[in-house]
2 protein chains.
Amino acid sequence: MIIVTIDPDGPVPVYRQLAAILRDQITSGQLEPGRPVPSEKQLGQEYGVARGTARKAIAVLRDDEHLVVTVTGRGSYVVPPEDRPDD
Amino acid sequence: MIIVTIDPDGPVPVYRQLAAILRDQITSGQLEPGRPVPSEKQLGQEYGVARGTARKAIAVLRDDEHLVVTVTGRGSYVVPPEDRPDD
DNA sequence: TCTCATTTGTTCGTATGTATC
DNA sequence: AGATACATACGAACAAATGAG
């Protein structure tokens, strides 16, 4: 069992650490295709970071890696592997 | 007559200023036990704040001070003094 | 049962100010 | 100067619950 925590004082920015955690959950199938990613608020509470930081982590997965899509007023959802551009 | 206004630029957050205003109205009896607190929308309009800010003010009175209870789809109501935990 | 308005609940989008590194 | 991080605040959209009719 690997304990995944965030180190605010480490060399890697918090939002990138959180993005890595979520990326692992997605690629491992723990977060299934089509299912919603926890909200920015939830992620903030669960990982002890500000909403803006959680938001930035999701932005990485969405804008840079296309692992999720975001819908205003709804949330972000895991993109099925076959729908991901160059994967 | 004390004029109660909200100072958006002061050191105290707007939602706490509004919570203080409502708290005074409740403890002074101006807002009577059992009666509804103005809706989030109304408070927003009356005090010139966003609904989310009015909502946050009510959350303080409900979650931290137990001065009001909230019913989804209905509104928030003033808790009678004798029903308030440790008061 | 159905429709409608009102209200609370939740979420994202954006901006500002402050502080730190 | 720039990136990071937090708190606050406004706005918008969507959802769910309630009650009136």
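Worth saying up front: this structure is predicted, and the values here are computed from it rather than measured. Because only heavy atoms are used, hydrogens play no part in the values below, and waters and symmetry mates are left out as well, while side chains stay in. Chain letters run A, B, ... following the sequence lines, proteins first and then strands; every chain starts at 1.
- When rounded to the nearest whole Å, the span between CG of L43(B) and P of dT6(C) equals 17 Å.
- At least one side-chain heavy atom of I26(A) sits under 4.5 Å from a side-chain heavy atom of L61(A).
- Atom-to-atom, CD1 of I6(A) to C1' of dT4(D) comes out at 14 Å; the value is rounded to the nearest Å.
- In this structure, the side chains of V60(B) and L18(B) stay at 4.5 Å or more apart for every pair of heavy atoms.
- The CG atom of L22(B) lies 10.0 Å from the CD atom of Q30(B); values are rounded to the nearest 0.5 Å.
- Atom pair L18(A):CG and dT4(D):C1' shows a separation of 14 Å (rounding to whole Å applied).
- The distance between atom CZ of R62(B) and atom C1' of dT7(C), rounded to the nearest whole Å, is 13 Å.
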Practice problem: Produce a footprint string for nucleotides 8-21 of chain D: one letter per nucleotide, 5' end first; B if the base is under 4.0 Å from any protein heavy atom, S if only the sugar-phosphate is, - if neither. | Solution: SBSS-BSS-BSS--

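- From R84(A), atom CZ reaches atom NE2 of H66(A) across 11.5 Å, with rounding to the nearest 0.5 Å.
- Taking atom CD1 of residue I58(B) and atom P of nucleotide dT10(C), one finds them 14 Å apart after rounding to whole Å.
- Here the C1' atom of nucleotide dT6(C) and the OH atom of Y77(B) are 11 Å apart, to the nearest Å.
- Side-chain contact between Y47(A) and T53(A): absent, with no pair of heavy atoms (C-beta onward) separated by less than 4.5 Å.
- Minimum interatomic distance between V78(B) and V68(B) (heavy atoms only, all atoms of both residues): CA-CG1, 4.4 Å.
- In this structure, K41(A) atom NZ and dC6(D) atom C1' are separated by 16 Å, rounded to whole Å.
- What separates CZ of R55(A) from P of dT14(C) is a distance of 6 Å, to the nearest Å.
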